Amino acid sequence: MSSGTYPSYLPRGLPIPVAEPDDLSAPYWLALRQNKLLVQRCAHCQTWQFGPEWLCHHCHAFDPAWVEVQPRGRVFSWERAWHPSHKSLEGHGPYVAVLVELPQAGFVRMVGNLLGDPMQAVTIGAEVEGVFEHHPDSEPPYSLLQWRLR
Amino acid sequence: MTRSRTERTLRGRVAVIGIGETDYYRHGASPDAEFKLALKAILAACADAGIDPRGIDGFASYSDDRSEASRLAAALGIHRLRSATMQWGGGGGGCCAAVANGAAAIVAGLADCVVVFRALAQGQYGRFGQTTGLDTVSGERAYLMPYGVLAPPQRFAMRVQRYMHEHGVRRAALRAIALASYHHAQSNPRAVMYGKPLDEAKYEASRWIVEPFHLYDCCMENDGAAALVLVSEERAKDFRQKPVYVLGAAVGSGHRTAATAHNSPRYASASFETVAPDLYRMAGLAPSDVGVVQAYENFTGGVVMALAEHGFFKPEETNDFLKLENLIAPSGRLPLNTSGGNLAECYMHGFELVLEAVRQIRGTSTNQVVRNDVAMVIGGPMVTPVSNLLLGSEAVQ
């Protein structure tokens, strides 16, 4: 797994992720900035949960704990996007988004980009590892979790 | 079918007595304001039925329609407003639920004459396919948009890709759905794509929007409005048109379908696995009873999944079933989207599909099918809540 800065996969100008006004996901976004991936896991019944919620969907205990997990997984699905649905993508060309499942964290899934050649063949089931992508100069600063083939 | 009057059902209790729509336009091409479009469609539906619009006492819509019920009531000068229901959820998932909610208000005695409608001028209020103008995002969008998963095409392509992977569905099945919609639009003068035929070569030569969707796998973006009028079955024959009865409706989605950032347990699904059985149960019908289907095409892949979840074929049979010759009026195995639908008639957020189902039962479609006693509408695959509807003639009512 690589940490530290990495060039931005997509051009600047896409919407910046921030926590909700009630701060539900604030621990997740803060951890990404520190090269850590946090996922909710209920301390009462051990159920994994992502995206976050105030309640464990399995046992109804409030405030599921945030636990650190290794950003490793496998490609559950993918897409290669061509049409720019945002001004900042005009003229950029195709890019690949993947849906990655994390077997070590209850098979929760998360979306990111697959780093490398945007025209690469993508295989469902391929093993991937996370790469933290930092945007410290953004206002507000934020970090993303990208993926590359293992 | 005889049923107890105390049974909790919509079956046969409510009828569509009028339908109406505006001219349909490319996004930005409407000469009329969105609210004016809504009024025009509602007045057209009342004229079709032959009723005084002042007798409307309820409105139902979906997807946060901006033409708010009380403003409509004031503008139309209706005598009194008794029911105003808005179906939660975005996309076209509510296009059938809005009819169900209006019908339920009538069955429950809350209203007597409900207009169900959708008005949408994407040229005036922003296109669904463009997302510029947001500085920050939170909630589900925060896990998607920074990665370029922005608008509906990118949000749904991975779901379809996974379904194709799990069931061996080939892209030709998606293409057949696009070809069927365009085929039907060529004999529908209302259709935005009237006079603009599509064939396999043109489809294949079109640009990728997001793999596995070519341009023609994606719905249009349009301006317009469509409306229908509901009354109780006791009054159904008092009006100008042949009544079309609600045989069944269902709304919702399965376990944790809305789990954010693509964490729905049944990810490769159109969200109808629990909703389709509810529909058939209320109507007392089976897939083999359905003569014609209007299935919401946000993307062709969603139609593939939704049709399988409604039992018209097994997922593994998709490649054999979804061929153009099976999907066209008048007598294909399952005539599909006979007005041209969201792909080629107008993206009226699926409400044009409900109107087309009414025309099929009346026998007045521009692509009339032979088996027209029972027509299905499927709303908004892959979102939550989704909804569906079975309409029928007096013969099955």
Side-chain angles (χ1 to χ4, degrees), chain A residues 9-11 13-26 28-29 48-53 57 76-90 92 94-101 107-113 122-125 133 135 139-140 142-146, chain B residues 126-166 206-215 217-218 221 255-268 299 301:
Chain A
Y9 179 78
L10 290 175
L14 288 172
I16 295 168
V18 295
E20 307 80 352
D22 65 7
D23 273 347
L24 171 63
S25 64
Y28 171 82
W29 296 111
W48 294 94
Q49 182 163 284
F50 191 78
E53 189 48 274
H57 70 267
F76 188 78
S77 193
W78 67 279
E79 67 188 22
R80 189 173 358 256
W82 293 76
H83 178 75
S85 283
H86 192 280
K87 214 178 193 68
S88 68
L89 293 171
E90 284 174 6
H92 175 264
Y95 56 95
V96 175
V98 286
L99 180 60
V100 174
E101 65 174 359
F107 295 88
V108 297
R109 303 179 205 125
M110 44 196 71
V111 169
N113 297 117
V122 185
T123 309
I124 289 178
E133 179 184 295
H135 295 249
E139 183 51 51
Y142 67 99
S143 297
L144 301 177
L145 180 59
Q146 305 287 26
Chain B
R127 295 168 56 183
F128 290 159
Q130 285 294 329
T131 53
T132 303
L134 292 164
D135 295 329
T136 61
V137 286
S138 57
E140 171 152 58
R141 296 192 298 183
Y143 306 107
L144 305 177
M145 294 181 89
Y147 303 100
V149 179
L150 295 154
Q154 301 105 34
R155 291 176 67 103
F156 293 121
M158 285 193 281
R159 198 177 274 261
V160 172
Q161 186 92 270
R162 179 71 195 187
Y163 187 86
M164 294 171 78
H165 170 79
E166 288 184 5
S206 70
R207 62 194 170 97
W208 286 114
I209 299 300
V210 50
E211 295 174 43
F213 301 149
H214 277 276
L215 174 66
D217 291 301
C218 306
E221 297 168 298
H255 176 64
R256 280 175 52 75
T257 299
T260 49
H262 295 225
N263 275 277
S264 169
R266 294 284 298 116
Y267 180 67
F299 305 98

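Residue numbering restarts at 1 for every chain, and letters A, B, ... go by the order of the sequence lines. Please read these numbers as outputs of a predicted model, since none were measured by experiment.
- Among the candidates A:Leu14, A:Leu89, A:Val18, the residue making the largest number of heavy-atom pairs closer than 4.5 Å to chain B is A:Val18.
- Side-chain atoms of A:Ser85 come within 3.5 Å of backbone N or O of B:Gly129 as a donor-acceptor pair.
- The two residues B:Gln130 and A:Pro84 come nearest to each other via the heavy atoms NE2-O, 3.4 Å.
- For A:Glu20, the salt bridge (charged side-chain N to carboxylate O under 4.0 Å, His left out) criterion is met by no residue, not counting sequence neighbours.
- When each of A:Gly51, A:Ser77, A:Gly13, A:Pro52 is checked for heavy-atom pairs under 4.5 Å with chain B, A:Ser77 comes out on top.
- When the candidates A:Leu10, A:Val108, A:Leu145 are compared by the number of heavy-atom contacts under 4.5 Å with chain B, A:Leu145 comes out ahead.
- When side chains are defined from C-beta on, A:Leu24 does not count as touching B:Ser138, because their heavy atoms never get closer than 4.5 Å.
- Checked by atom type, the side-chain pair A:Trp78/B:Glu211 shows no donor-acceptor distance below 3.5 Å.
- Heavy-atom pairs under 4.5 Å with chain B peak, among A:Lys87, A:His135, A:Met110, A:His57, at A:His57.
- Heavy atoms of B:Leu134 lying under 4.5 Å from chain A belong to its backbone as well as its side chain.
- In this structure, the separation between NE2 on A:His83 and CD on B:Gln154 is 7.5 Å, given to the nearest 0.5 Å.
- Using a 4.5 Å cut-off on side-chain heavy atoms (C-beta onward), A:Asn113 and B:Tyr147 make contact.
- In this structure, B:Trp208 and A:Pro94 have side chains that are not in contact, with every pair of non-hydrogen atoms separated by 4.5 Å or more.
- With rounding to the nearest 0.5 Å, the separation of CH2 in A:Trp82 from CG in B:Leu215 is 14.0 Å.
- Taken from CD in A:Gln49 to CZ in B:Arg256, the straight-line distance is 5.0 Å, to the nearest 0.5 Å.
- Heavy atoms of A:Phe50 lying under 4.5 Å from chain B belong to its backbone as well as its side chain.
- In this structure, chain B has a heavy atom under 4.5 Å from the backbone of A:Ala19, while its side chain stays farther away.
- A:Leu144 approaches B:Pro146 most closely through the heavy-atom pair CD2-CB, 3.6 Å.
- For the pair A:Arg109 (side chain) and B:Ser264 (backbone), a donor-acceptor distance under 3.5 Å is present.
- Most heavy-atom pairs under 4.5 Å with chain A: of the set B:Gly148, B:Ala261, B:Ala157, B:Ala151, this distinction falls to B:Gly148.
- If you measure heavy-atom distances from A:Tyr28 to chain B, the contacts under 4.5 Å come from the side chain alone.
- Heavy atoms closer than 4.5 Å to chain A are found nowhere in B:Arg141, neither backbone nor side chain.
- With a 4.5 angstrom heavy-atom cutoff, B:Asp135 touches chain A only via backbone atoms.
- Comparing B:Arg159, B:Glu140, B:Arg207, B:Arg127 by heavy-atom pairs within less than 4.5 Å of chain A, the highest count is held by B:Arg207.
- Taking every heavy atom of both residues into account, B:Met158 and A:Val111 meet most closely at CE-CG2, 4.0 Å.
- For B:Pro265, the part lying under 4.5 angstrom from a heavy atom of chain A is the backbone only.
- Residues B:Tyr267 and A:Leu99 have side chains in contact (heavy-atom distance under 4.5 Å, counting atoms from C-beta outward).
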